[in-house]
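Below is one structure; the comments refer to it alone.
Naming: A, B, ... by sequence-line order, numbering from 1 per chain.
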2 protein chains.
Amino acid sequence: MALRTLDDGDASPQDLAARAAWLYYVGGMRQDQIAEELGISRQRAQRLVARAVAEGLVKVRIDHPIGECLELERGLRQRFGLLRARVAPRADSGQDALRAIAPFAAAEMERIFAQQTPQLIALGTGRTLRAMIDQMQTINAGHHRMVSLIGNVAPDGSASFYEVIMRIADKTGAPHYPMSVPVMARDAEEFATYRSLPHVVSSRALAKEADVTVVGIGQMADDAPLYVDGFITAEELSSLRAAGAAGELGGHVFDSEGRYLEHPVNEFMVGVRVPQNDNPVICVAGGVSKIKALRAALKGGLIQGLITDELTAAEILSTS
Amino acid sequence: MALRTLDDGDASPQDLAARAAWLYYVGGMRQDQIAEELGISRQRAQRLVARAVAEGLVKVRIDHPIGECLELERGLRQRFGLLRARVAPRADSGQDALRAIAPFAAAEMERIFAQQTPQLIALGTGRTLRAMIDQMQTINAGHHRMVSLIGNVAPDGSASFYEVIMRIADKTGAPHYPMSVPVMARDAEEFATYRSLPHVVSSRALAKEADVTVVGIGQMADDAPLYVDGFITAEELSSLRAAGAAGELGGHVFDSEGRYLEHPVNEFMVGVRVPQNDNPVICVAGGVSKIKALRAALKGGLIQGLITDELTAAEILSTS
DNA sequence: CCATTGGGTGAGCATTTGCCCATCACGCGG
DNA sequence: CCGCGTGATGGGCAAATGCTCACCCAATGG
C-alpha cells in the first residue's frame with residue numbers, strides 16, 4: 001500500500017510483475033509480446049509472471065460447482081444441518097488440502113464482506129485461516145468490524161504468527177479489535193488479570209455477539225497445533241487426550257461428542273469459545289488429520305458451516 | 001491413481017473441464033499429470049483446460065492496483081480503437097495528474113526512440129510534454145529525426161516556454177526541425193508570409209509525414225492555455241466557445257465531435273494540424289479539466305493513442 | 001441400410017514456456 | 001584498490017503446451 005510508484009513509470013518490481021501477469025493471464029498475451037510491450041527481455045517477462053504468481057498477486061478461481069463436490073456439500077448440509085457447506089475438489093492430505101480450500105474460503109469471506117449491512121465478524125487463528133487470507137482480494141469494506149476470538153500473543157511473548165485479523169484488516173480496511181493478550185494464562189491469577197483487562201472484556205463481549213464467526217480447527221494428535229506451537233506441554237496434551245480430547249476450536253478443547261472438556265487447559269484460555277447462538281460459526285478445515293476433530297465439532301453442533309475439500313468431506317460423510 | 005475413471009462416470013463435460021482447469025491452475029499440476037489423474041489422454045486434458053478458459057469458468061484476477069489501470073487501458077483501446085493506451089495509477093486533477101502521467105509518457109517516448117528503424121517524430125508543445133521530457137532518460141538516438149508541429153515564438157516575441165523539441169534533442173542528440181515562427185499570425189498578410197518561409201514550408205511538410213506524432217491537448221475553459229499564454233484574446237476565446245469549441249491540438253481548435261472549427265483563430269495558425277493518415281498521433285493528457293477535450297478528440301478520431309491517468313481514463317470511459 | 005455430420009481421439013509437430021548456467025554489475029569488506 | 005559474494009540478465013535448450021490433421025464412432029436422416 002505504502003510505496004506506490006510516484007515518480008517512476010517502470011519502477012517498483014511488483015508493479016511490473018503485476019502488469020506482466022495481467023497482460024499474460026487477463027490480456028492473454030504471450031510472454032514475448034509482453035516483453036516487447038514492456039520493453040524488457042522475454043526471460044524477464046517470464047520471471048515477472050512467475051514472481052507475480054509466487055507472491056500471490058495472481059488469484060485464480062474456477063467458477064463452477066463441480067457435481068461431485070455439490071453432492072458432498074448437500075450431504076454435509078443435510079447430515080449436520082449446516083447453513084453453509086463448500087467443498088473444494090480433490091486435494092489430498094495436508095498442504096494440498098490447504099491449497100485447495102483456501103480459495104473457496106476466501107470466496108466465502110469475500111461474500112461476507114460484500115454484504116451491504118454492516119457485519120461484526122469474529123475470527124480465529126491458524127495456518128488454514130492464514131492461507132485463506134492470502135487468497136483474498138483486497139476490497140474496501142470499512143463498514144464491517146472484526147474481532148478476534150483468541151489472544152494473539154504466543155507463549156514466548158511474540159505476536160502469534162498465525163494471527164489473521166490484522167492481515168484481513170489490511171485487505172479490507174475494516175476496523176478491528178484484536179485481543180492483545182496471551183492465548184492462555186499460566187495460572188488462575190494471571191487468568192483473572194487478563195480477563196479483567198478492559199480491552200479483553202470488550203473484545204470478548206463483541207466476539208460473543210458476532211454476526212458470523214470464522215475459525216479453523218485443531219486436532220489432538222502428536223502434532224496438535226496447540227502443542228507444536230508451544231501453547232501446551234506434552235504432558236498437558238497427554239492429559240487432554242486421556243480426558244477424551246478430539247479437537248479444539250480457538251484453543252478450547254472438546255471431546256468426540258463435541259462437548260467442551262473440563263480441564264485446566266480449557267480453564268485458562270483467555271479467548272471466548274465460539275458463540276453458540278443463532279449466528280453461524282463457519283469452520284475452515286481440511287485434511288485427513290482433522291477429520292476426527294471435525295466430526296466431533298459437527299456432532300456437537302459447535303459449527304454451522306464448513307469449508308473443506310472433497311476427500312475430507314467424503315471421509316466425514318462416509319464413516320460417521 | 002489412474003483408476004479414478006470408475007467414479008467419474010457421472011461427470012458432465014463441463015464438470016470435467018472445470019475439474020481439469022482447477023487441477024491445472026489451482027492445483028498447479030501439469031497437463032499430463034491431470035490426464036493421468038483423470039484417466040484421460042494428455043490432449044483431452046489440454047482441451048478441457050482450454051475449454052474451461054474459453055467458457056469463462058476460469059477467473060483470474062490480479063490483486064494489485066495496477067490491475068485497474070490495465071482494465072482501463074483495454075477499455076480505451078476497445079472503445080476508441082486506439083493503437084496505444086497507457087493509464088497511470090491514481091492521480092487527481094491538475095498537477096498530480098501531470099506527475100503521474102509524465103513517467104509513463106516518458107517511457108513511451110523512450111520506446112519510440114529505442115526503435116532501430118529511423119523514425120520521424122512530430123511534437124507539439126505544452127506543459128504536459130515538458131513534464132514528460134523531464135522524466136526522459138538521455139539516450140543516444142541520433143538516427144531519428146524530430147520536427148515541431150507548431151511555431152515556437154510566443155506573442156511577445158520570446159521563445160515559447162513550453163517548446164519541447166530542443167529539450168528532447170538535448171537528451172537524444174537527434175537532429176530536429178523546430179518551426180521558428182510565431183505560433184499564430186495576426187492577420188492574413190502575416191500568415192501568408194510565415195507560411196511561405198522556406199523552413200516553415202519544409203517543417204510543415206515533414207510534420208505531415210511524421211511516423212509518429214506526440215501532442216498534449218488544450219481545453220477551452222476560462223483558463224484555456226491558448227488564452228492564458230496570450231495566443232488568443234478573451235474575446236476570441238468567447239467566440240471560439242460560442243462556435244462550439246471543445247479543445248485544441250497544437251492550437252487547432254475543434255468542437256465536441258472532434259471536427260475542426262472554421263474560425264479565424266484556426267485560420268491563422270502557422271503550424272500543421274495533427275496528421276490524419278496511417279501514422280499514429282499519441283496524445284498525452286490528464287486531469288478532469290481536459291476530459292471534454294479528450295472525449296472530443298477521441299470521438300473525432302483525431303488521436304490514435306492516449307497516455308493519461310486512472311481517474312481521467314475512468315471518467316472518459318464512464319460518461320461518453 | 002447407408003451416407004452424412006458432428007464431436008471426440010491420438011499422433012505428430014510447431015510454438016511457447018521454464019529453467020540452468022555463464023556472465024555481468026554492484027555493494028562490501030579486506 | 002582489489003577480490004568476493006549476491007543478485008539480476010540473457011543465451012540456449014529441454015520440457016510443456018497448443019494446434020492441426022486424419023480418423024473413428026455414434027446418432028441422424030434420407
Nearest-Å distance, [atom1] ([X]) to [atom2] ([N])?
X: Leu23(B); N: dA16(D); atom1: CG; atom2: C1'; answer: 17 Å
X: Leu48(B); N: dT17(D); atom1: CG; atom2: P; answer: 14 Å
X: Arg30(B); N: dG18(D); atom1: CZ; atom2: C1'; answer: 16 Å
X: Gln33(B); N: dA15(D); atom1: CD; atom2: P; answer: 15 Å
X: Ile34(B); N: dG18(D); atom1: CD1; atom2: P; answer: 10 Å
X: Ile40(B); N: dT9(C); atom1: CD1; atom2: P; answer: 8 Å
X: Arg42(B); N: dG10(C); atom1: CZ; atom2: P; answer: 11 Å

Query raised in the report: Can you check whether Tyr24(A) has a side-chain N or O nearer than 4.0 Å to OP1 or OP2 of dT16(C)?
Result: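 Negative; the distance criterion is not met.
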
Query raised in the report: Does Ser41(B) place a side-chain N or O at less than 4.0 Å from the phosphate oxygens OP1/OP2 of dG10(C)?
Result: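 Yes, because at least one side-chain N or O of Ser41(B) sits under 4.0 Å from OP1 or OP2 of dG10(C).
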
Requested in this report: Just call it for Gln46(A): base, sugar-phosphate, or nothing, with non-hydrogen atoms closer than 4.0 Å on any strand.
Outcome: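 It contacts base atoms.
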
Requested in this report: Mind checking Arg44(A) for me? I need base, sugar-phosphate or nothing, with any heavy atom below 4.0 Å counting as a touch.
Outcome: sugar-phosphate

Report task. Let me know which of Thr128(A), Ile133(A), Asn152(A), Val214(A) forms a side chain to side chain contact (heavy atoms under 4.5 Å, CB included) with Val164(A). Result ->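 Answer to the side chain to side chain contact (heavy atoms under 4.5 Å, CB included) test with Val164(A) among Thr128(A), Ile133(A), Asn152(A), Val214(A): Ile133(A).
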
Query raised in the report: Can any side-chain N or O of Gln219(A) pair as donor or acceptor with the backbone N or O of Ala221(A) at less than 3.5 Å?
Result: yes

Query raised in the report: Short question: side chain of Arg130(A), backbone of Glu163(A) - any donor-acceptor pair under 3.5 Å?
Result: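 The answer is no, because no donor-acceptor pair under 3.5 Å joins these two groups.
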
Query raised in the report: For atom CG of Asp278(B), is the number of surrounding heavy atoms from other residues, nucleotides or ligands below 6.0 Å larger than 12?
Result: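 No, the 6.0 Å shell around CG holds no more than 12 heavy atoms from other groups.
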
Report task. Nearest-nucleotide wise, let me know which of Asp32(A) and Arg47(A) is further upstream toward the 5' end of DNA chain C. Result -> Asp32(A)

Query raised in the report: Does a donor on one side chain sit under 3.5 Å from an acceptor on the other, for Gln137(A) and Arg61(B)?
Result: yes

**Report entry** Nearest listed nucleotide, side chain of Gln31(A), among dG18(C), dG8(C), dC20(C)
**Finding:**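 Of the options given, the side chain of Gln31(A) lies nearest dG18(C).
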
Query raised in the report: Nearest of dC19(D), dA16(D), dG8(C) to any side-chain atom of Gln43(B)?
Result: dC19(D)

